[in-house]
Protein chains: 2
Amino acid sequence: MGITIRKIAKDLKLAVSTVSKALRDSHEISDETKRLVFEHARKLQYVPNPYAGSLKNRTTRNIAIVLPEVADTFFSNAINGIDSVAQAKGYHVMVYLTHESREREESILEELRSGRVDGILISVSVGVKRDSAVHARLAQDLPLIFFDRVCDEVATAKVLTDDFEASYKATTHLISKGCREIIFLDTAAGLSITDQRRSGFLKALADHGIKNGDRHVVQCSEDENESLDTIQKVLRRKNKVDGVIGSVEKLAIQTYTACHACGLSIPRDVKVLAFSNLQIAALLAPPLTTVVQPAFEMGKAAATLLFKALARKVDLRTERIVLPSVLHERESTQ
Amino acid sequence: MGITIRKIAKDLKLAVSTVSKALRDSHEISDETKRLVFEHARKLQYVPNPYAGSLKNRTTRNIAIVLPEVADTFFSNAINGIDSVAQAKGYHVMVYLTHESREREESILEELRSGRVDGILISVSVGVKRDSAVHARLAQDLPLIFFDRVCDEVATAKVLTDDFEASYKATTHLISKGCREIIFLDTAAGLSITDQRRSGFLKALADHGIKNGDRHVVQCSEDENESLDTIQKVLRRKNKVDGVIGSVEKLAIQTYTACHACGLSIPRDVKVLAFSNLQIAALLAPPLTTVVQPAFEMGKAAATLLFKALARKVDLRTERIVLPSVLHERESTQ
DNA sequence: CTATTTTACGAAACCGGTTTCGTAAATAAA
DNA sequence: TTTATTTACGAAACCGGTTTCGTAAAATAG
């Protein structure tokens with residue numbers, strides 16, 4: 001059992017309330033008494049129980065990050081951004097991994113209605129609908145902010161990148177390099193971000209006179225092997241693919257693996273480009289052209305917004321922040 | 001304000017204690033009453049406040065992971081391993097990033113004595129002494145388990161890899177490939193793991209008749225640019241370096257960058273090998289030979305141990321788990 | 001010097017659960 | 001039928017803080 005405020009009160013023959021007030025530096029307490037209390041608290045190495053007071057003022061100084069996975073450079077950098085703000089504000093970060101399971105995500109959110117955290121930052125998993133009732137209800141109970149992967153139709157704050165524009169630019173880049181038979185590797189379920197990226201892709205194709213854009217979109221699986229298989233089949237088909245866009249990081253890696261397996265040379269046979277935050281993209285064979293999202297900044301922006309909401313300084317329902325991605329041209333699209 | 005047990009009691013004209021017991025399926029309550037309570041709780045979407053009861057039975061179902069950073073494949077995979085166990089046990093995971101700052105780590109640990117979490121899994125940052133008093137004291141207050149980077153002299157559980165042996169093997173591998181002028185890139189401060197790895201390296205050199213092993217150890221900086229600079233200088237020195245071992249992942253990446261900058265060919269001019277969990281090591285130019293730690297399993301083992309401790313089924317002071325690393329030979333050491 | 005205000009502190013309620021203990025009613029044992 | 005034991009529930013204390021409110025003593029005003 002740790003040191004409590006009552007132990008200090010007893011030792012000093014003071015009332016608990018006096019000690020509590022002294023520690024909170026209340027004007028009701030004399031400087032002399034405060035000194036005594038602080039000194040004794042320090043001697044006993046008193047650390048207040050965070051959840052005791054939390055009951056009364058219903059605030060835990062905990063926030064939750066809910067995301068598909070942590071072994072992904074975008075997400076881990078976003079966590080860094082969030083953590084940088086949280087640490088500065090004296091908040092604690094709880095991490096919840098959904099592993100791209102809608103069911104798991106929903107049960108986690110259900111649990112978070114309990115008051116374990118004061119607010120939530122979330123990047124939804126595949127399979128979550130854009131008007132998810134679970135997310136909508138949670139957003140009414142406590143501050144909820146979407147970052148990157150959002151539920152468009154849930155009325156709360158969103159922190160995004162310019163996915164449509166970035167994808168349009170990336171596609172144009174491939175076209176300018178001479179690609180005509182470009183494949184857009186899509187994720188299994190409709191993620192908000194890949195929807196945007198696909199739209200940008202299709203618009204670019206259309207604007208450059210490439211017909212039947214839909215034919216260029218390939219649905220991949222969540223299962224790694226299955227997905228790898230799909231990509232290989234596509235690369236081997238008759239009308240030769242000369243460009244590939246990976247809509248998420250994983251697919252870029254799989255594309256490289258698939259090209260190696262099919263004996264295709266990047267960028268000679270096929271040019272590859274991906275949405276990815278891999279720091280070592282430049283060290284790959286060959287260096288990979290990437291659309292890099294400002295992951296750290298997005299996390300930071302989302303967290304900053306959350307703390308504003310906790311201070312009731314903003315109405316989350318109308319907040320929407322869009323940060324720009326950057327295209328890094330490298331050898332894979334030379 | 002959420003739904004409380006008192007609200008349910010009032011609605012049903014029962015005592016709070018009755019509702020509490022009913023919800024916990026106490027034998028003191030009749031099946032009929034339980035049914036009523038459960039039904040009403042469900043209708044009201046009651047979610048118990050986790051910290052209310054936590055006051056009485058001093059348990060939060062929260063555990064903390066304290067680590068240097070999350071944007072690192074070893075750590076993010078370890079988190080996955082920990083999370084897999086925690087989720088299964090119904091525990092919640094708090095993540096604390098130290099960013100390799102001893103001061104920050106210590107202040108975090110100090111805060112964790114408050115009862116915010118039931119136990120701690122930690123991989124210490126550089127600069128933490130092997131007999132850190134802060135860590136030792138915390139280990140007395142609540143279950144603390146070191147994983148990977150440990151404080152040898154703090155008497156509590158440790159989950160490690162066979163760093164000495166793995167490094168010995170890795171060095172032998174380089175020697176067998178003809179390397180004589182092998183450089184061991186060490187981290188700035190003495191981490192337990194790099195100490196072990198350095199020892200294994202030196203032992204292998206000695207066993208193969210290479211004198212003055214210490215001359216082969218190069219201290220790198222925590223600062224990325226500074227470290228890169230150091231590596232480049234080493235690569236350019238007169239008695240040509242023909243092998244490099246990166247003791248941590250970051251250094252491997254920097255070595256690649258440095259070789260590119262110096263115009264050195266891997267593996268022709270210099271063979272490179274690193275302790276790294278990068279999944280895409282095989283896609284680098286050239287594919288990197290790595291010593292891979294069982295990150296996920298280590299996290300899992302550490303978490304499992306923690307839950308055993310929470311169930312008072314083990315004495316952490318004597319626990320020590322060592323898992324094997326695996327050497328993946330690739331082109332960088334061909 | 002009395003009346004009023006301020007200062008400094010204590011008693012107790014409260015937050016939302018859990019747990020102990022007491023007890024009326026129902027059931028079983030004698 | 002009387003006594004002993006269960007059964008099913010309620011009252012209240014408790015966990016460790018915060019906060020409200022009441023009040024002696026000290027300071028200030030009149």
Side-chain angles (χ1 to χ4, degrees), chain A residues 1-38 40-41 44-62 90 111-118 141-142, chain B residues 1-38 40-41 44-62 90 111-118 141-142:
Chain A
M1 175 213 58
I3 303 297
T4 73
I5 213 171
R6 283 160 221 272
K7 160 78 171 154
I8 297 178
K10 201 184 209 177
D11 288 359
L12 265 41
K13 299 195 200 323
L14 287 172
V16 248
S17 51
T18 305
V19 176
S20 173
K21 289 173 198 165
L23 289 172
R24 316 200 92 225
D25 201 25
S26 162
H27 64 91
E28 284 186 45
I29 306 300
S30 71
D31 290 347
E32 174 60 11
T33 305
K34 280 181 189 170
R35 206 183 50 69
L36 277 171
V37 172
F38 274 114
H40 198 62
L44 263 47
Q45 299 192 122
Y46 167 75
V47 187
N49 182 311
Y51 300 133
S54 118
L55 266 188
K56 183 131 234 210
N57 49 257
R58 38 190 89 258
T59 167
T60 61
R61 294 189 86 77
N62 286 163
E111 258 235 47
L112 289 180
R113 293 179 55 236
S114 65
R116 194 177 286 268
V117 299
D118 298 345
D141 287 4
L142 68 168
Chain B
M1 174 214 57
I3 302 298
T4 73
I5 213 172
R6 282 162 222 272
K7 160 77 171 154
I8 297 178
K10 201 185 208 177
D11 287 359
L12 265 40
K13 298 195 200 325
L14 288 172
V16 252
S17 50
T18 305
V19 175
S20 173
K21 289 173 198 165
L23 290 172
R24 316 200 91 225
D25 202 25
S26 162
H27 64 91
E28 284 186 46
I29 306 300
S30 70
D31 291 346
E32 174 59 11
T33 305
K34 281 181 190 169
R35 206 183 49 71
L36 277 170
V37 172
F38 274 114
H40 199 62
L44 263 47
Q45 299 193 121
Y46 167 74
V47 187
N49 182 312
Y51 300 133
S54 117
L55 266 188
K56 182 131 235 206
N57 50 257
R58 38 190 91 259
T59 167
T60 61
R61 295 188 86 76
N62 286 163
E111 258 235 46
L112 288 181
R113 294 180 53 238
S114 64
R116 195 177 284 270
V117 299
D118 298 345
D141 287 4
L142 67 168

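A note on names: the letters A, B, ... follow the listed sequences, proteins ahead of strands, and every chain is numbered from 1.
- Partners of A:Asp25 by salt bridge (charged side-chain N to carboxylate O under 4.0 Å, His left out), not counting sequence neighbours, listed by chain and number: A:Lys34.
- Rounded to whole Å, atom P of D:dT18 lies 12 Å from atom CD1 of A:Ile29.
- Every side-chain hydrogen bond (donor to acceptor under 3.5 Å, both in side chains) that B:Asp141 has, sequence neighbours left out, goes to B:Arg113.
- Counting non-hydrogen atoms under 4.0 angstrom, B:Lys7 reaches nothing in the nucleic acid.
- Atom C1' of nucleotide D:dC15 and atom CG of B:Leu55 are separated by 5 Å, given to the nearest angstrom.
- Using a 4.5 Å heavy-atom threshold, the side chains of A:Ile29 and A:Val37 count as separate.
- By the side-chain hydrogen bond (donor to acceptor under 3.5 Å, both in side chains) test, A:Asp118 pairs with A:Thr59, A:Thr60, sequence neighbours left out.
- The separation between A:Asp25 atom CG and C:dA8 atom P is 13 Å, rounded to whole Å.
- In terms of phosphate contacts, A:Ser20 brings a side-chain nitrogen or oxygen within less than 4.0 Å of OP1 or OP2 of D:dT18.
- Proximity of B:Thr4 to the phosphate of C:dC15: no side-chain N or O atom is located under 4.0 Å from OP1 or OP2.
- Put simply, CZ on A:Arg61 is 16 Å from P on D:dG17, counting in whole angstrom units.
- Between B:Gly53 and B:Thr33, the one whose closest nucleotide on DNA chain D sits nearer the 5' end is B:Thr33.
- Toward the 5' end of DNA chain C, the nearer of the two residues B:Glu28 and B:Tyr51, judged by each one's closest nucleotide, is B:Tyr51.
- In this structure A:Glu28 satisfies the salt bridge (charged side-chain N to carboxylate O under 4.0 Å, His left out) test together with A:Lys21, sequence neighbours excluded.
- At a threshold of 4.0 angstrom between heavy atoms, the contacts of B:Lys13 are confined to the sugar-phosphate backbone, with no base atom among them.
- Residue A:Ser30 is classed as a sugar-phosphate contact, given heavy-atom separations below 4.0 Å to backbone atoms only.
- Proximity of B:Leu12 to B:Val19: side-chain heavy atoms (C-beta onward) are nowhere separated by under 4.5 Å.
- One can place CD1 of A:Ile3 at 16 Å from C1' of D:dC15, the figure rounded to the nearest angstrom.
- Regarding B:Arg35, its CZ atom lies at a distance of 13 Å from the P atom of D:dC9, rounded to whole Å.
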Collect all protein-nucleotide pairs involving nucleotides 11-13 of chain D in which both atoms are nitrogen or oxygen and the distance is under 3.5 Å.
residue: D:dA11; atom: N6; partner: B:Ser17; partner atom: OG; Å: 3.0

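- When the local axes at the two ends of the helix from C:dC1-D:dG30 to C:dA30-D:dT1 are compared, using 5 base pairs at each end, they differ in direction by 50° after rounding to 10°.
- Atom pair B:Ile5:CD1 and C:dC14:P shows a separation of 18 Å (rounding to whole Å applied).
- Scanning all heavy atoms of the two residues, the minimum distance from A:Pro50 to A:Ser54 falls at O-CB, 3.3 Å.
- Under 4.0 angstrom from either OP1 or OP2 of C:dT19 there lies at least one side-chain N or O belonging to B:Arg24.
- Applying the side-chain hydrogen bond (donor to acceptor under 3.5 Å, both in side chains) test to A:Ser26 and every residue at least two apart in sequence or in another chain returns nothing.
- Shown here are the salt bridge (charged side-chain N to carboxylate O under 4.0 Å, His left out) partners of A:Arg116, two or more places apart in sequence or in another chain: there are none.
- Partners of A:Arg35 under the salt bridge (charged side-chain N to carboxylate O under 4.0 Å, His left out) rule, at least two apart in sequence or in another chain, are A:Glu32, A:Glu39.
- Nucleotide D:dA26 holds its P atom 16 Å from the CD atom of A:Glu32, rounded to whole Å.
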